[in-house]
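Structure, as structure tokens:
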Amino acid sequence: MTSVAGHITNNDFPKEFGWNNCSPVALFDAPTKIKVENPLIADNITQEAQNCDALMIWTDCDREGEYIGWEVVEQAKKRNPRITLESTYRARFSHLERSHILQAARNPIRLDLKAIDAVKTRMEVDLRTGACLTRFLTNLFKGVLGGEKSSMISYGGCQFPTLGFVVDRYKRIKLFVKEPFWLISLTFKKKQKQCPVTWERGHLFDRLITTCIYQNCLRMEDSEMATILSVATKPTSNWAPLPLTTVEMQKDCGRFFKLTAKDTLAAAETLYTRGFISYPRTETDTFPKAMDLKGLVGKQMESAKWGSYAKSLVDDGRFRQPRQGKHSDEAHPPIHPIIFVGDSANLTGVQKTVYEYVVRRFLACCSPDAKGFRTTIRLQWGTEFFRTSGLVVKENGYLEVFIYSKWKSSKNNLPEVEPGERVKVQKAVISSGMTEPPKKLTETELIALMDANGIGTDATIAEHIEKIKARNYVTTLKVSEGRSKRQVIVPTELGYGLVEGFNRVGFNNISLTKPFLRRSLEEELKRICEGQATRQNVLVKSITMYKEAFALMSQQKRLLLDSYRETIAANS
DNA sequence: GCAAGGTC
């Protein structure tokens, strides 16, 4: 038994197709060659395989893992003709519980050639399109970028949609037109208790109509009184969180601790390599049935901070089997702590924070929900309906250990009223307000957008964000909103100009800065996996489309440069 | 000097 660490090889163009040796467009059809990235790892496989009769692959059971398995076979074949796809077996497993591993070992399957083909396709499309457009754009912008440094203008099927999200939010804010609105604000009174209620119509964008409705109510008989229509108290829950995925961890650590996705993942990786937490790159939000979660909770009893809480889960019967999410990458379980880590471990501040978060989140998802009661009062004044509600929290449940989230009883108790009761109207006036533009984009929101649109994977989302920062397409700002400071992402002039330029070229309605293209490639790859498409036809389709886009771009170079220059001019 | 996907 031996190991690899990620991909063994990489695809690239031969020397004749180097940066200044050919025109960028030639890269769509240039030959590519597979080159060993780490000879030590590759040679180790070849050597270890020399005297074997058979090979068994235990890489991650996802698409890339399947391809890495194939790479291993290729290395193993080099000095041993007995190693073929026929003599290669494949273990199917997604976590390291003993019985699961034994089951996988006793029931091997075969490498999935379709999944391997899908990865080959992805690699080729990404390499050809990325290299071609990057060289073209870099050359095009050489003279224009102020001459400070010869910046690289890279294009990638993931980095551009990521940039697109940033520019899109920025534009929505810039182009936002505030609109005035009007509403009826009403407060009723019961035994010295004042209770503001909300108009069920929300607000209206027509002042005259709001005034008419208001006047109408005022003119009605008894307009100083309102009628309670209903008072309903219902039990309500605040659910314990799902088991932890990479994307959720990055979003939460951004929200709660203002950590970037990159810093969160880096800290989690260290914690994983030191054996403190499980593998940190996972999309799975369901724990395998056989896992001894109670045992893992028990290990946390040592802690001075959350030990007594962990003990209460195990000893007082408060432990709950976590909820089951709907996502599975078939390769890794949700992120969870492996052992308790005390001060002797010498963790950095960020690592401590992330470890504590992983533990508290794990304990939280093994905890009961928070429970309370919500009371809703509905009342009528004239022709109009209003409502208000209040919350009383009865059991804090998981929130006792998940101290980052708040769910509190309402500050003011609702007055005691009954259906049919007539209450005194303390105040009934027309208020007005203005609509507000969307808020600037936070990294947490950007991660959520990428995740929802299938841009990048759990392992790469953070890298794409870092990449567009490093390329100077976007920059981060600290903005204060009231009391809180938020770190937000905004496009630079370069980033904004690039997206605007791409949009102007048009590409026959195919947008290179929107997420649809990546998503459709992902869908095509899935079809390859399911046997409904072949590597060859997906490749031809994809490359043909990019070729057309590239042709349009070369014809309209001016548009790209102009839109950058105009952005600069508009800001100076 | 390019991509995105693994990984440490």
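Chain letters run A, B, ... following the sequence lines, proteins first, then strands; residues in each count from 1. Computed over heavy atoms, backbone and side chain alike; hydrogens, waters and symmetry mates excluded.
For the residue pair T245(A)/D285(A), the side-chain donor-acceptor check at 3.5 Å is not satisfied. Residues N503(A) and T513(A) bring a donor and an acceptor atom of their side chains to less than 3.5 Å of each other.
Listed pair R281(A) / dG6(B) fails the phosphate criterion, with no side-chain N or O lying under 4.0 Å from OP1 or OP2. Within the structure, a side-chain polar atom (N or O) of Y279(A) is placed less than 4.0 Å from OP1 or OP2 of dT7(B). The phosphate of dA3(B) (OP1 or OP2) has a side-chain N or O of S154(A) nearer than 4.0 angstrom. OP1 and OP2 of dA4(B) both lie 4.0 Å or more from every side-chain N or O belonging to H7(A).
Nearest-nucleotide mapping onto DNA chain B: of N20(A) and E64(A), the residue sitting toward the 5' end is N20(A). Both K467(A) and V4(A) lie near DNA chain B, and the one whose nearest nucleotide falls closer to the 5' end is K467(A).
Residue F17(A) is classed as having no contact, given no heavy-atom separation below 4.0 Å to the nucleic acid. Among the protein residues, G456(A) comes within range of the sugar-phosphate backbone only, with heavy atoms under 4.0 Å from sugar or phosphate atoms but none that close to a base. Among the heavy atoms of the strands lying under 4.0 Å from G6(A) is at least one base atom, whether or not backbone atoms are also near. Residue T457(A) is classed as a sugar-phosphate contact, given heavy-atom separations below 4.0 Å to backbone atoms only. When heavy atoms are screened at a 4.0 angstrom cut-off, N139(A) is found touching no nucleic acid atom at all. Looking at heavy-atom distances under 4.0 Å, E463(A) makes contact with a base. Note on R518(A): only backbone sugar-phosphate atoms sit closer than 4.0 angstrom, heavy atoms only; bases stay farther off. Among the atoms of the strands shown, only primed sugar atoms or phosphate atoms (P, OP1, OP2) are found under 4.0 Å from some heavy atom of D60(A). At the heavy-atom level, R122(A) lies under 4.0 Å from base atoms of the strands shown.
Between the side chain of T460(A) and the backbone N or O of T457(A) there is at least one donor-acceptor pair closer than 3.5 Å.
The aromatic ring of Y155(A) does not stack onto the base of dA3(B), failing the criterion of a centre distance under 5.5 Å from the six-membered base ring together with planes under 30° apart.
The minimum heavy-atom distance between R361(A) and L242(A), with the atom names listed, is NH2-O, 2.8 Å.
Side-chain N/O atoms of D12(A) and base N/O atoms of dA3(B) include no donor-acceptor pair closer than 3.5 Å.
When the P atom of dT7(B) is taken as reference, atom NZ of K262(A) falls 18 Å away, rounded to whole Å. In this structure, R471(A) atom CZ and dG1(B) atom C1' are separated by 9 Å, rounded to whole Å. If you measure from atom CG of D458(A) to atom P of dA4(B), you get 16 Å, rounded to the nearest angstrom. As a whole-Å value, the separation of E124(A) CD from dG5(B) C1' is 15 Å. dG5(B) atom C1' lies 14 Å from atom CG of L265(A), rounded to whole Å. Distance, Y272(A) OH to dT7(B) C1': 9 Å, rounded to whole Å. Atom CZ in F160(A) sits roughly 15 Å away from atom P in dC2(B) (whole-Å rounding). Going from atom CH2 of W58(A) over to atom P of dG6(B) covers 21 Å, rounded to whole Å.
Ion pair E523(A)/R519(A) not flagged as a salt bridge, since none of the NZ, NE, NH1 or NH2 atoms sits closer than 4.0 Å to an Asp/Glu carboxylate oxygen.
Here D112(A) pairs with E66(A), K114(A), A115(A) under the side chain to side chain contact (heavy atoms under 4.5 Å, CB included) rule; sequence neighbours left out. Legend: residues meeting side chain to side chain contact (heavy atoms under 4.5 Å, CB included) with D62(A), ordered by chain and number and at least two apart, are D60(A), E64(A), A331(A).
With dC8(B), dG6(B), dA3(B) as the candidates, the nucleotide lying closest to the side chain of N10(A) is dA3(B). Counting only heavy atoms from C-beta on, T134(A) has its side chain closest to dA3(B) among dT7(B), dA3(B), dA4(B).
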